[in-house]
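FYI, side chains are in, hydrogens and waters are out, and symmetry mates aren't considered; it's all heavy atoms of this structure. Reminder, nothing fancy here: chain letters follow the sequence lines and each chain counts from 1. Note that this is a predicted model, so its numbers are computed, not measured.
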2 protein chains.
Amino acid sequence: MAMSQLPTLRQLQFIIALAEHGSFSRAAEAVFVTQPTLSAAIKELETILGTVLVERGARGAVLTPAGDAVLERARRVMTEAEDLVIAAQAAGEPLSGPFKLGVIPTIAPFLLPRVLPALRERYPDIELFLREDLTDRLFDALRERRIDAALIALPYDAPMIETHAVWADEFLFAAPPDHPLARNKTLAPSDLTDEPLLLLEDGHCLRDHALAACATGSARADFAATSLHTLVHMVKSGLGATLLPRMAVEAGLVDRMGLEVRPFDPPVVGREIGVAWRKGSARSEEAIQLGDAIRDILQAPDSP
Amino acid sequence: MAMSQLPTLRQLQFIIALAEHGSFSRAAEAVFVTQPTLSAAIKELETILGTVLVERGARGAVLTPAGDAVLERARRVMTEAEDLVIAAQAAGEPLSGPFKLGVIPTIAPFLLPRVLPALRERYPDIELFLREDLTDRLFDALRERRIDAALIALPYDAPMIETHAVWADEFLFAAPPDHPLARNKTLAPSDLTDEPLLLLEDGHCLRDHALAACATGSARADFAATSLHTLVHMVKSGLGATLLPRMAVEAGLVDRMGLEVRPFDPPVVGREIGVAWRKGSARSEEAIQLGDAIRDILQAPDSP
DNA sequence: ACATGGCCATAGATAATACCTATGACTTCT
DNA sequence: AGAAGTCATAGGTATTATCTATGGCCATGT
């Protein structure tokens, strides 16, 4: 079958600019060519496609319905092509250049100080841009290509998102010294059945995962904390007990707070921390590699 | 941010050919350029991407891992670009040129003779290629781009497929004249509770939809027909009763067969016929338009 | 009505580049 | 060693992408 001629990416770039600026002259300016150049290119594109894409008027240019259809697909082709470039560059020299990483608030302050130095050492050419936000908002950012990858807690179901497990973050029980359960050396999840837990406010995945860990437990409905630091202060002042990620405790979250911290009996309860990326992302390989690197660093002997 | 230069579609086409032929010279031949041209283009592509994509050897060329990553995305970009061309041409002159339509076997022989003439009249430039097959295989064909659209029965859940309802195809009860239920003028679905139905063999969606229509009914496990024509002959010879689509009956499926055919009381039971296309298909608009055209033709006064 | 200033199209010249032919260097196989 | 394949390089040509300069057209304001 006779392969009908394809448009060039340049032409697609031009018609996108034309649609965005509504005028040949201004669109031409935006893509750094002269108006006749853009004019000719659009005309050529219309010839190739065999369809009029633009209505020329004295007050500017408007896309025809066919033009709109082309525009939408042109945008897709262009972003795919840009992704190809990024993916190729990443494949050639992984984890170099700007890399935008989102991290959920219950991990970021405890993980990053611990791994960032080693990470910079291992990948000297990386420029990490960090963004701390709730899981949902990070997923939105992934889908809209505002970030390249995110460190989040699993399980968490989201369309268009793929994940790779990095490490298991165990939950520890924390309470004031006079709390009845603080007498035990270890706890079973079932001990929490009648213990209303003090948790982070809605939207934090830690809240949901903590509740899931003690299937029968419940949260205090009257109080909720906005950060883990606030949370431990509320626990200290006697408002209730809570579950904390081991990583936060190891990072010193409860140091000199006078709180009792107890592990659970095996099987350990907790959450899985993983990297997430947009399905089809140009940097999915790098996201996995970054996750594995973080795991390595956490397991390194000098890191307690 | 400095927009790094994009590759050309031509260059992507070249590296795809190179990957497929494993040799610069043969790939060049395949895309109708000389070997030095292709050589230079690949080199230029590698410069743009800043990565070596191909391992040159005395026995040909092999893609590097980075090359493989690029190849996969290049294929995507190329098919998206080709789709853009098709979509643009279709938007300019819808339902013209070759259009490959799949139809399920329980519709095709009864619908097509009725609508094809009017369809050709309404869209004189269309070249309809028809393919009769089971729903699953049509969906596969849609996903693999072997057909542009399909006429199938809903509801039918399938990933990557979108649908548009065209008309409701009512079920009629058919049985030999001496059948007990043939005495009634109309039936309720519940009448079929203890009536093992003679149905098409597995894989035909009509079988599943018929069973769903009489929620409590069951199929004869010992006999099944391979086509509606076989089915009515089996009914005639006393093997059991069945449900037939009204469209097949109207097309003369049971004429001079000596079978009794009865409608159901309202609310009517039946199945929805619709058009289906691959999500993102370049011809989804045309598929919808085709479905609407078929609905119009079926409702036209001269069509009983 | 006329002039003005915005639009886009056209013409012709020039710079960039895509492509070809001819050739060379290097492997692999005979 | 020679033959036959591989890909890279060099230099010339054809194509095309782009520029400047200009013209026609339509709305708007005087």
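With no hydrogens or angles considered, no side-chain donor-acceptor pair links B:S281 and B:S284 at under 3.5 Å.
Look at B:K43 and you'll find a side-chain N or O under 4.0 angstrom from OP1 or OP2 of D:dT9. Distances shown here put a side-chain N or O of B:S25 below 4.0 Å from the OP1 or OP2 atom of D:dC7. Distances shown here put a side-chain N or O of B:R56 below 4.0 Å from the OP1 or OP2 atom of D:dA8. Between B:R59 and C:dC29 there is a side-chain N or O to OP1 or OP2 distance below 4.0 Å. Contact check, B:T34 against C:dC19: no side-chain N or O comes under 4.0 Å of OP1 or OP2. Phosphate contact (OP1/OP2 of D:dC19, side-chain N/O of A:T37, threshold under 4.0 Å): present.
A donor-acceptor distance shorter than 3.5 angstrom exists from the side chain of A:R143 to the backbone of A:P159, with no hydrogens or angles considered. For B:T64 (side chain) and B:V52 (main-chain N/O), a donor-acceptor pair under 3.5 Å exists by modelled atom type.
Rounding to whole angstrom units, CD of residue A:Q11 and P of D:dA17 are separated by 7 Å. The nearest whole Å value for the distance from the CD1 atom in B:I42 to the P atom in C:dC19 is 12 Å. One interatomic measurement links the two molecules: CD of B:E46 to C1' of D:dA8, which rounds to 12 Å at whole-angstrom precision. Rounded to a whole Å, the CZ atom of A:R26 is 14 Å from the C1' atom of C:dG5. As rounded to whole Å, 16 Å separates atom P of D:dT16 from atom CG of B:L9. The distance from atom CD of A:E55 to atom P of C:dC8 is 13 Å, rounded to the nearest whole Å. For B:F24 and D:dC7, the CZ to P distance is 6 Å, given to the nearest whole Å. As a whole-Å value, the separation of A:E44 CD from D:dT15 P is 15 Å.
Summary of the strand contacts: B:F32 and A:S39 both lie near DNA chain C, and taking for each the nucleotide with the nearest heavy atom, the more 5' one is attributed to A:S39. Place B:L38 and B:Q35 on DNA chain C by their nearest nucleotides, and B:L38 ends up nearer the 5' end.
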CA sep, side-chain torsions, deciding dist, call: B:L18, B:V54, side-chain contact (heavy atoms from CB on, under 4.5 Å): CA-CA 9 Å; B:L18 180 54; B:V54 184; 3.7 Å; yes
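Side chain of A:P36, nearest nucleotide from C:dC7, C:dT10, C:dT28: C:dT10.
Annotation: B:Y156 is in aromatic contact with B:F139 [ring centroid separation under 6.0 Å].
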